[in-house]
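Following: one structure in structure tokens, then a few remarks.
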Amino acid sequence: MENTLKIYNSLTREKESFTPLTEGYVGMYVCGPTVYSDVHLGNCRTFTSFDVIYRYLMYLGYKVRYVRNITDVGHLEGDADTNAEDKISKKARLEALEPMEIAQKYANGFHDMMRVFNTLPPSIEPRATGHIPEQIKMVQDILDNGFAYVANGSVYFDTLKFIEETKAYGQLSGRKVEDLLSESRDNLKNQGEKRHPADFAIWMKAAPEHLMRWSSPWSEGFPGWHLECSAMSTKYLGETFDIHGGGNDLKFPHHENEIAQNMGSCNCSGARYWMHTNMLLMNGRKMSKSDGNTITPTQLFTGDSPHVSKGYSPMVVKFFMLQSHYRSTLDLTDEALQAAEKGYKRLMEGNKLLQQMAHPGNGSPAALDEEVKALIAQVHAEMNDDFNTPKALAVLFEAVTKINSLNAGHLSLNDLAPATLAQLKETFSHFIYDVFALTDEEGAGEGAGPIDSLMDLIIDIRQEARANKDWGTSDKIRDALQAAGIVLKDSKEGTSWAKA
RNA sequence: GGUUGGGUGGCCGAGUGGCUAGGCAGAGGUCUGCAAAACCUCGUACGGCGGUUCGAAUCCGCUCCCAACCUCCA
């Protein structure tokens, strides 16, 4: 097993060597979506990033338990202290459906989209509503430890006390505890039931009209937003586990509070490595449903949006995302997507050519052999360096140039050891299909199906015309196919085709 | 205002104290019946001002600008 994987830990703000708690096993928790409306592209980026991380960990030989929750209760809109409404509840009211229908509907949509992006389902996908007893237990533990207080049937985390006794608040987000404390005098007025502005609800008493409610020792109500992740990660991964991930925008307060809840309930720190994906931008600003700066995945696929000139396939979009590092913001523009589309095709075509190559079985390894071996090693090294997909792709592209040169006869397979060619094939196959999980969308023939037979026939007829120097017929075929969206590629080995 | 992260060639986007990122677009060439594809070559980019250094886009200071979080968001 490779033991050189480095992960950037948000908690320490450093790249650290990754050593799992239990050798050979990795426990990873990723904050999933709140299912109150259609998935948006930003979620797709985050979960695609973690899918690649999940897959690469498995590629390295780890047994990974990947837990990604679905939040279907407790996530409030607006200020929790005023007349906030649960997101799911609100949608249920607006659409005149059961809250569970809302959660199911959008969870289904989310799963469909994850499948479109060819991501693997997590090992466990727990729902907040399915873990109310666990959450009540955790609230009780926090109360018993003195880090929470009850007010009118709601339970609040006593952040102030937690800070005073443990000093363990604010590390993840870089918040200065003094700043949080100093706020107290100014904001004391509008705190409602909370004693301090930094306190947060871990159990909320439900208003009479509230649709989602469970009985608890304190009131009929529902759990606070941050609680489900603490409770469910503890349940399925233990009080301490390896990796906790999520979008950058969850760092504060969600993740900070999660840590506080873990500490407050069991004096354990939860995750050892925190990973945060950065935001997907459009027009240089965060994609956000609330201010309209957004495009849905479907709009992106169909091109039905003023932000794009045409539709882009899911794999092109995924490739586009992989071309940036997960910790960097990524600016979605039409021009960049067009570039990604061509790059994606170049990569996949290169892979196809490579996989079809047969080694002649003679010759002796030359400089080329060393170069290719170095590229193979480099792909792995880049991925080990905090999952650097853009760099790994860049290395694959360097290899594509070699592949194309071999194909064009500018380089010779005789300079490559058969084993090296086999390794290169494996590397491409593993990274493209198993780690990046890109799929072939080209539709180019592999000798199966009626279209392939037809194309073989058409290409054959055109070959005859060309042999007879009947350029009229030959060009007519080429132009007509072009108009139909099929591109012919002539080379010394013959003619192949691909969808434009 | 506080916190965090950024400002890289026409676009997107990596990265490092001195050695080519990569993709796309552009220029020239090879190949081709002509193209397309492919291959080769090229453009000498790192917000601004100082400093450290033999050498900085990469380190430090200052400054300008941008984004995210601090209220819900992956």
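In what follows, chains carry the letters A, B, and so on, assigned in the order in which the sequence lines appear, proteins first and then strands, with residues in each chain numbered from 1.
- Proximity of A/N407 to the phosphate of B/A38: no side-chain N or O atom is located under 4.0 Å from OP1 or OP2.
- The side chain of A/K286 places an N or O atom within less than 4.0 Å of a non-bridging phosphate oxygen (OP1 or OP2) of B/C69.
- Under a 4.0 Å N-O distance rule, the pair A/K310/A/D334 does not qualify as a salt bridge.
- With hydrogens and angles ignored, no donor-acceptor pair closer than 3.5 Å exists between the side chain of A/H276 and the base of B/A74.
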key: Dot-bracket summary - RNA chain B, pairs being Watson-Crick or G-U whose distances fall under 3.5 Å, with | when paired to another strand   = (((((((..(((.....[...))).(((((.......)))))....(((((..]....))))))))))))....
ask   = How does each nucleotide of nucleotides 14-24 of chain B score, in 5' to 3' order, for protein heavy atoms under 4.0 Å: base (B), sugar-phosphate only (S), or none (-)?
value = SS-----BSBS
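- Note on A/G409: nothing from the nucleic acid sits closer than 4.0 angstrom, heavy atoms only.
- OP1 or OP2 of B/A67 lies within a sub-4.0 Å distance of a side-chain N or O belonging to A/R285.
- In terms of heavy-atom proximity, A/H226 sits nearest to A/E258 at O-CG, 3.8 Å.
- Interface remark: the A/D331 side chain does not form any donor-acceptor pair with the B/G13 base, using a distance-only criterion of under 3.5 Å.
- Classification of A/K391 and A/D385 as a salt-bridged pair fails, no side-chain N sitting under 4.0 Å from a carboxylate O.
- When the nucleotides B/A74, B/C69, B/C34 are ranked by their closest atom to the side chain of A/T34, B/A74 comes out on top.
- Atom NZ of A/K205 has 12 or fewer heavy atoms from other residues, nucleotides or ligands within 6.0 Å.
- The side chain of A/L330 lies closest to B/C12 when the candidates are B/C34, B/C12, B/U4.
- For A/M287, the side-chain atoms get nearest to B/A74 when compared with the rest of B/C39, B/A74, B/C34.
- Side-chain N/O atoms of A/R478 and base N/O atoms of B/A35 include a donor-acceptor pair closer than 3.5 Å.
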inquiry  = The test is side chain to side chain donor-acceptor pair (under 3.5 Å); show your working for A/Y106 and A/D72 and say whether it passes.
reply    = CA-CA 10 Å; A/Y106 293 112; A/D72 54 2; over 6 Å; no
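- Applying the salt bridge (Lys or Arg N to Asp or Glu O under 4.0 Å) criterion to A/E398, with sequence neighbours excluded, gives no partner residue.
- In this structure, A/F319 has its ring center no closer than 6.0 Å to that of A/F436.
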